[in-house]
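Here's the structure we're looking at; comments come further down.
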Amino acid sequence: MIELKQISYGLEDRQILRSVSLSIPSGKFIALMGGNGAGKTTLAKITKGLIVPSSGSVVLDGRDISSIEREYQTKVGIVFQNPENQIVSSIVEEDVAFGPENLSLSSPEIAARVESSLKTVGLWDLRHRSVQALSGGQKQRLAIAGILALRPSYIIFDEATALLDPVGKHEVLNTALELSKSVGVLWITHDLREALMADSIYALREGEMIFSGSVPEFLSRGDIMEKANVVIPDEITLAQELMQRGVRVDWPITKESLLKATMLLSSKMSH
Ligand SMILES: Nc1ncnc2c1ncn2[C@@H]1O[C@H](COP(=O)(O)OP(=O)(O)OP(=O)(O)O)[C@@H](O)[C@H]1O
Ligand SMILES: [Mg+2]
């Protein structure tokens with residue numbers, strides 16, 4: 001488990017983060033929401049160990065990361081918004097091999113890692129392709145494969161779907177959900193639909209954590225969602241309306257679960 005304990009971060013006498021705490025258990029999918037400039041990327045960089053907080057600590061399995069700096073770097077991967085900025089080689093398989101090569105692993109070990117990582121993200125068949133020929137979603141999955149080749153225990157996704165088309169968004173979210181069965185995932189997003197897939201949700205506003213809890217709890221806190229600049233999609237509003245009228249909406253919210261709840265409501269009304 002990664003624990004952020006009362007993290008504060010200041011820049012040029014501005015407080016960017018104020019005593020923020022958050023946990024990423026292994027094998028869980030944790031969502032972090034918040035408006036522009038709330039401090040999400042700053043928190044992501046602190047979690048990855050790229051910047052050092054002004055106060056508070058980042059703890060991995062009970063050990064402060066400042067004491068395990070090198071080991072920590074490979075344990076935690078991060079995927080950023082722009083797929084173009086995360087690629088180092090021109091051929092798919094070479095890009096994935098780059099990280100393990102820097103760890104001075106043996107050639108068979110590198111080859112095995114490249115193969116398993118590319119298979120996990122569904123890019124094995126494209127291994128000889130030029131990176132530039134990939135779609136945005138494929139590039140983000142390539143970035144994920146590069147991280148997987150380092151055998152991380154945690155992966156942070158900082159708005160990793162923001163620049164992708166709907167198909168790409170779907171591919172990357174599903175890859176992350178699948179990975180979260182074995183690694184801890186911190187999924188930073190503006191999109192409530194994506195956050196609804198999480199095991200728990202956190203919300204930041206102006207450097208302060210204003211919510212942490214379950215998805216249903218979050219959905220019941222319209223006030224918090226408003227403060228965190230969360231846009232509520234129509235189907236979520238509909239589900240909330242149905243619940244307020246006393247009908248159960250099956251989880252997760254889908255066309256089918258909404259239809260079922262709507263039919264329950266109409267039979268209830270006709271009695
Ligand atoms: N290197 C920097 N120098 C000055 N200010 C910075 C720097 N990095 C971040 N900030 C400021 O810190 C605040 C938090 O920024 P951060 O990027 O963490 O927010 P965010 O929640 O990721 O926003 P977004 O949704 O736009 O990605 C913002 O007000 C930003 O302007
Ligand atoms: Mg950001």
Side-chain angles (χ1 to χ4, degrees), residues 2-24 29-58 65 72 76-87 136-137 139-141 143-144 147 152 154-166 168-169 172-173 175-176 180 184-198 200-213 215 218 221 223-233 236:
I2 296 179
E3 295 164 279
L4 272 69
K5 296 182 172 177
Q6 297 176 342
I7 298 285
S8 294
Y9 184 73
L11 249 175
E12 296 151 10
D13 49 78
R14 254 192 71 207
Q15 268 320 95
I16 310 284
L17 293 172
R18 266 174 278 228
S19 195
V20 165
S21 297
L22 173 147
S23 302
I24 314 169
F29 189 97
I30 307 301
L32 173 64
M33 301 198 75
N36 291 120
K40 303 180 298 298
T41 296
T42 307
L43 191 70
K45 287 179 177 167
I46 289 172
T47 309
K48 165 71 182 152
L50 295 175
I51 54 178
V52 178
S54 321
S55 65
S57 51
V58 182
I65 65 162
Y72 192 74
V76 184
I78 187 162
V79 182
F80 291 107
Q81 206 174 84
N82 194 339
E84 307 298 334
N85 296 346
Q86 304 175 75
I87 289 160
K139 281 179 187 160
Q140 284 298 62
R141 285 189 285 142
I144 297 168
I147 291 166
Y154 301 88
I155 306 181
I156 303 160
F157 294 85
D158 187 4
E159 298 190 45
T161 61
L163 301 177
L164 306 181
D165 64 16
K169 282 187 205 293
V172 172
L173 177 62
T175 304
S180 72
V185 168
L186 178 62
W187 183 267
I188 299 174
T189 185
H190 282 281
D191 188 338
L192 183 61
R193 288 191 187 103
E194 294 179 356
L196 293 185
M197 310 308 285
S200 52
I201 296 194
Y202 289 81
L204 265 180
R205 176 193 168 83
E206 291 172 7
E208 285 181 53
M209 202 63 92
I210 57 170
F211 180 85
S212 79
V215 169
F218 190 61
R221 295 298 305 273
D223 57 330
I224 296 276
M225 287 196 279
E226 196 179 325
K227 279 193 185 135
N229 288 343
V230 174
V231 176
I232 304 173
I236 309 295

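For ligands, and for the atoms within them, numbers begin at 1 and follow the listed sequence. Scope of the values below: all heavy atoms of this structure, side chains included, with no hydrogens, waters or symmetry mates.
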Check your understanding: Are Gln15 and Glu206 linked by a side-chain donor-acceptor pair shorter than 3.5 Å?
Key ->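 Their side chains do not contain a donor-acceptor pair, so the 3.5 Å distance test is not met.
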Point to revise | Flag side-chain contact, heavy atom, 4.5 Å: Tyr72 against Ile2 | key: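 Result yes, sub-4.5 Å side-chain heavy-atom pair found.
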**Study point:** Met209 side chain reached by Leu43 side chain, heavy atoms, under 4.5 Å
**Key:**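 SC-SC contact between Leu43 and Met209 confirmed.
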Exercise for review: Let me know which protein residues bring a heavy atom to under 4.0 Å of ligand 1; chain then number is fine for ordering.
Suggested key: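 Lining ligand 1 at under 4.0 Å, by heavy atoms, one finds Leu11, Arg14, Ile16, Gly35, Asn36, Gly37, Ala38, Gly39, Lys40, Thr41, Thr42, Glu159, His190.
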Exercise for review: Run through His190, Lys169, Glu194, Gln81 and flag the one making a side chain to side chain donor-acceptor pair (under 3.5 Å) with Thr161.
Suggested key: Glu194
Practice item. Quick one: list whatever passes salt bridge (Lys or Arg N to Asp or Glu O under 4.0 Å) with Glu84, sequence neighbours left out. Key: Lys139
Practice item. Could you tell me whether the Mg ion (ligand 2) has an N, O or S atom of Thr41 under 2.8 Å away? Key: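 It does; at least one qualifying atom falls short of 2.8 Å.
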Exercise for review: Work out which heavy atom in Tyr154 is nearest to a heavy atom in Ile24; give both atom names and the distance.
Suggested key: CE2-O, 3.3 Å
